[in-house]
There are 2 protein chains.
Amino acid sequence: MIKKQLIMEKALELFAKQGFEATSIQQITEHCGISKGSFYLSFKSKDELILALIDHFMMQIISDIDYTVKHTNDDKKLLYEFYYTMFHSFYKHSDFAKILIKEQIQSFNKELLVRMHYYNRLNEEIILSMIERLYGEEVKLTKYDLIYSIKGFMSTYLELFLFYNVPLDFTLLSQSLVEKTNLLARHATVPFISQELIEMIKQPIHKEVSKEHMFDIIEQNIAGIEESIEKESLILLKQQLTEPTFVPAIVKGLLENIRNHPHCKWISYLLRRYYKF
Amino acid sequence: MIKKQLIMEKALELFAKQGFEATSIQQITEHCGISKGSFYLSFKSKDELILALIDHFMMQIISDIDYTVKHTNDDKKLLYEFYYTMFHSFYKHSDFAKILIKEQIQSFNKELLVRMHYYNRLNEEIILSMIERLYGEEVKLTKYDLIYSIKGFMSTYLELFLFYNVPLDFTLLSQSLVEKTNLLARHATVPFISQELIEMIKQPIHKEVSKEHMFDIIEQNIAGIEESIEKESLILLKQQLTEPTFVPAIVKGLLENIRNHPHCKWISYLLRRYYKF
DNA sequence: TATAATAATGACTAGTGGGTCACTTGTCAA
DNA sequence: TTGACAAGTGACCCACTAGTCATTATTATA
């Protein structure tokens, strides 16, 4: 488990510098100070490694954003918090963000493509829920265009700060984008992306996460982290999953405990969904 | 020259389908029905091929857009024409557009990176000249943000139609983006990208194109195209470059003749710049 | 037709990469 | 101390790749 993390960490550095294809397993293992065979004890293949990386970081970023959107009560601050969290989360993981943008993960693995679609869809879902809450009927016709505009802002400004090492003021950037978003939401009238277009595009998010799946993830996480409040919380949550004994308040508290542990973000997101918090 | 074009065409198809790294010279030559050695009579290396492709298409796309912006007199239509031409030009070359978006040409060749920066800068220049003409002082503080917003719109909507094969209505899309752009230009007040930030980012566009350079390109083009009005025009323009004899009206007419020939777009763009048309 | 010049070929080289596996080292309970 | 099991190693395999070059085919010229 620890070895796996080491490999992921070191591989990420190399991928961000040289790209995925251009980095050999040899280089990765050398950079880790382990042997080549040892790599294959942790990962079945190079593809499995990149997949694990994508999952690991996308889960964190998505759940960061989701948590912020769900837990910001003040509608006036919501958009701002959304942008700020998003930029901040990508900034925290900028090596990953770099490879995400550089290698548009289209070419190789089919499975990766599916995975990326999935996270993309989750992201769109979050944005949609946010703008429906903020503008309601006002954006009935233009909401999908609004999503795409927001995604457009995200991508260009992300690129700006990922590839030019300039000092950056997320506060100002977020304020600036909040104003733009509000303008588009309140005054844009010409929709391009219709409901029909969306239907044509989307493949359903099939993954309705099963209890067993969450159970597995929790077990993995328990194995992966040190003795701590988080670990204890996880164990209790695992119990709760098989035989519910705690009242919602306790469950929510336990979730809050693990929320900020980097390895628990995803399960925390899934459980929040499951318990409808 | 003809062989070169064949290779570029067939290689583009494969790159769009499988990606650059994943496509071998072997595959390309098989797809062309020529031998491996033959490839190296046209290109010194695989890198030179991708470079030639990038140049070939970026030149066409950039000069399409530039021509539209420079030759649309009606300010009311300008933004619309810009968006329409841009989408249309990428659509015409959608195989190329795909590899441009897929492989974020960052990893490999250093020279490619420089080249892409160069075209990106040209694009930004065109957009800047357009919005300064349209909005003038109004966007003094927010013009760079406006550029980035426009680029954001471009990239998300490009992705939308490049990766989902849906029927698309460029007219409606352009109208929709015109409205959004106008809203942002007229009402956005919070700038994020300041003049200083731009200075920090930009490396100067060094390439002030020399007469000799243009001369070379013309000669190449002459060799590459069939006997035609375009070819004759090129020959006359070549003469004009060494010993100016024609009045501007004639030169402009000759440029108009070659403008729409796919191989002459770039030299046409350069000459328009040179003669300040 | 003969000769020179150019174009095209594909077997070959030298090298790399992902992945395997027989073997070594470390660990820990009995 | 022993022995059984897990963790770790790196030489090795094979498929494949970019690029070369001696040889052959084609074309142009005289």
Side-chain angles (χ1 to χ4, degrees), chain A residues 1-54 99 102-103 105 107-112 219-220 222-224 226, chain B residues 1-54 99 102-103 105 107-112 219-220 223-224 226-227:
Chain A
M1 206 64 189
I2 300 299
K3 176 69 64 60
K4 219 166 171 172
Q5 280 163 228
L6 172 75
I7 293 173
M8 285 170 70
E9 216 170 276
K10 297 295 185 184
L12 187 71
E13 287 172 24
L14 293 175
F15 290 163
K17 219 188 297 169
Q18 323 168 341
F20 175 71
E21 303 270 10
T23 304
S24 67
I25 306 276
Q26 195 90 318
Q27 278 180 287
I28 296 171
T29 53
E30 271 166 24
H31 199 218
C32 291
I34 61 172
S35 70
K36 204 173 167 189
S38 191
F39 172 91
Y40 287 93
L41 295 177
S42 297
F43 296 95
K44 275 208 287 293
S45 67
K46 203 185 172 190
D47 277 353
E48 201 182 275
L49 167 62
I50 186 75
L51 226 122
L53 279 171
I54 299 268
I99 67 166
K102 265 192 211 174
E103 334 258 339
I105 324 288
S107 345
F108 20 94
N109 207 322
K110 192 81 187 168
E111 197 171 351
L112 249 182
E219 291 215 308
Q220 268 175 266
I222 290 174
E226 308 295 307
Chain B
M1 206 62 186
I2 300 298
K3 178 69 64 60
K4 219 167 172 173
Q5 280 164 229
L6 173 73
I7 293 172
M8 284 170 72
E9 217 171 274
K10 297 295 186 184
L12 187 70
E13 287 172 24
L14 293 175
F15 289 163
K17 218 187 300 170
Q18 323 169 342
F20 175 72
E21 303 271 8
T23 304
S24 67
I25 307 276
Q26 194 90 321
Q27 279 179 287
I28 295 170
T29 52
E30 271 166 26
H31 198 218
C32 291
I34 61 172
S35 70
K36 205 172 167 192
S38 193
F39 172 90
Y40 288 93
L41 294 177
S42 298
F43 296 96
K44 276 208 288 292
S45 67
K46 201 184 171 189
D47 278 352
E48 201 184 272
L49 167 62
I50 185 76
L51 226 122
L53 278 171
I54 298 269
I99 67 167
K102 265 191 211 173
E103 333 259 337
I105 323 288
S107 345
F108 20 96
N109 207 323
K110 193 81 186 169
E111 195 170 350
L112 250 181
E219 292 216 306
Q220 268 175 263
E226 309 294 310
E227 216 60 53

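Numbered from 1 within each chain, the chains take letters A, B, ... in sequence-line order.
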A.B. asks: So, the side chain of B:Lys36 versus the backbone of B:Glu30: is there a donor-acceptor pair under 3.5 Å, distance only?
C.D. replies: no
A.B. asks: Looking only at atom types and distance, does a side-chain atom of B:Lys17 sit under 3.5 Å from a main-chain N or O of B:Leu12, one as donor and one as acceptor?
C.D. replies: no
A.B. asks: Quick one: which protein N/O atoms are closer than 3.5 Å to N/O atoms of nucleotides 17-20 of chain D? Pair and distance per line, please.
C.D. replies:
from, atom 1, to, atom 2, distance (Å)
D:dA18, OP1, B:Lys46, NZ, 3.1
D:dA18, OP2, B:Ile25, N, 3.0
D:dA18, N7, B:Lys36, NZ, 2.9
D:dG19, OP2, B:Tyr40, OH, 3.3
D:dG19, OP2, B:Lys46, N, 3.1
D:dG19, N7, B:Lys36, NZ, 3.1
D:dG19, O6, B:Lys36, NZ, 2.7

A.B. asks: Check the distance between C:dA7's P and B:Leu6's CG and give it to me in whole angstrom.
C.D. replies: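 It is 16 Å, rounded to the nearest whole Å.
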A.B. asks: In whole Å, I'd like the distance from the CD1 atom of A:Ile28 to the P atom of C:dG17.
C.D. replies: 11 Å
A.B. asks: Within the side chain of B:Lys3, is there an N or O that forms a donor-acceptor pair under 3.5 Å with the backbone of B:Phe39?
C.D. replies: no
A.B. asks: Considering only side-chain heavy atoms of A:Ile34, which listed nucleotide, D:dT9, C:dA7, C:dG10, is closest?
C.D. replies: D:dT9
A.B. asks: Below 4.0 angstrom from OP1 or OP2 of C:dA8, is there any side-chain N or O of B:Ser35?
C.D. replies: no
A.B. asks: Not counting sequence neighbours, which residues clear side chain to side chain donor-acceptor pair (under 3.5 Å) with A:Thr29? List them please.
C.D. replies: none
A.B. asks: Can any side-chain N or O of B:Glu13 pair as donor or acceptor with the backbone N or O of B:Lys10 at less than 3.5 Å?
C.D. replies: no
A.B. asks: Would you find a donor on one side and an acceptor on the other, under 3.5 Å apart, between the side chain of B:Glu48 and the backbone of B:Ser45?
C.D. replies: no
